[in-house]
Amino acid sequence: MKLNKFIAFAVAALTFSACSNDDASWNTATGVTVNLSQTEMAISEDAEAGRYYYIPVVVEGEANGNIEVTVEFSPVSASPAVEDKDYVVTQKTIIIPAGEASGNIEFYPTGDDIENDDRQFVVTLVKAVGAAVGPQTACTVTLKDNERLIPEAYRNIQGMWTMTCVNNDEADQYTVNIKGYNEGETGYLSDLIISGWNGVSYTEDLVAKFSFDASTNQAIITLPLGQWVAYDLNFGAQLGVCDVMLASVNYSSSGASLAATGSVSATSNEEMTEISFSDSTELVGAIFDSSGSFTGYTWFWKESMKMTR
């Protein structure tokens, strides 16, 4: 077996920073306005876990300080979307730092398992500090119902797929099988099982989450990290008998690290004939010895991953 030596094994972390009202220095330059960048937006009511949506607020003019923007959310149409029931807003007031051309209003849909009409709400830009409010102040958001589409998409995503990737710096191709659950079983329409990972029969089945984006007609497979890919593999005199865990590679200014928490996602095309991971996704099989310690080696290192049929 070809092995890769990896220097460090760590859980990747993200650091966030933000402006606050206490230290904000507001823009005093004239001729600066803010507008919502779009008048309408359509998204699936059942998005993949952890996915957020953004409505950009665009700054026009040269600001010499921060700009604070406040928006309101209101239900509209005969089938209104209700805040904190059909969707959740993370922040209704944002600060756009000096020199930035835009900021984002962030929200996410909650979803349900009931077939219903598409729901709508409107986002309205109601106030700005350090800038004038421009003419484009409203964006209508449609939450597209996908319950009537999910069963067919769930069936279509299942079956045999050809995985092509770069594995340990070499082109690789093998077959994987994506299986689901029958109606009435726990996991139906939400869970998937992937077998044949790494092209060998002795790997463990990997569990994944299934979701469907009704606005793009694309299926999303979310693969949790930290799953055991194989147990009791004999790596010879170099390592002995070890277990293998699924992890991803993260890069920062201090170098590369492995992450065994979180998840990675792959998205299908509309025809359900191709499933692609993002170009930045790198998955590895981290090798752990019999004491449960990471050996510093990886069994596989996959990049440029795509499944077709």
**Asked** So does Lys179 have more than 12 non-hydrogen atoms from other groups sitting under 6.0 Å from NZ?
**Response** yes

**Request:** Give a yes-or-no answer on whether the side chains of Gln173 and Thr164 include a donor-acceptor pair shorter than 3.5 Å.
**Result:** no

**Message:** Strictly distance-based, threshold 3.5 Å: is any side-chain N or O of Gln227 a donor or acceptor partner for the main-chain N or O of Pro224?
**Reply:** yes

**Asked** Around Glu270, counting heavy atoms of other residues, nucleotides and ligands shown, do more than 12 lie under 6.0 Å from its CD?
**Response** yes

**Complete:** Across all chains, not counting sequence neighbours, the side chain to side chain donor-acceptor pair (under 3.5 Å) partners of Tyr174 are Lys302

**More than 12 heavy atoms from other groups under 6.0 Å of CG on Asp279** = no

**Request:** State, to 0.1 Å, how close Trp228 and Leu206 come at their nearest heavy-atom pair, and which atoms those are.
**Result:** O-CD2, 4.3 Å

**Message:** Any side-chain to backbone donor/acceptor pair from Asn35 onto Val58? Under 3.5 Å, distance only.
**Reply:** no

**Prompt:** Is it the case that Ser265 and Thr222 place a side-chain donor and acceptor less than 3.5 Å from each other?
**Reply:** yes

**Message:** With no hydrogens and no angle check, just 3.5 Å: does a side-chain donor-acceptor pair link Asp118 and Ser79?
**Reply:** no

**Asked** Do Thr70 and Thr93 get their side chains close enough for a donor-acceptor pair, meaning under 3.5 Å?
**Response** yes

**Request:** Anything under 30° is parallel, anything over 60° is perpendicular, the rest tilted; go ahead and classify Phe73 against Phe107.
**Result:** perpendicular

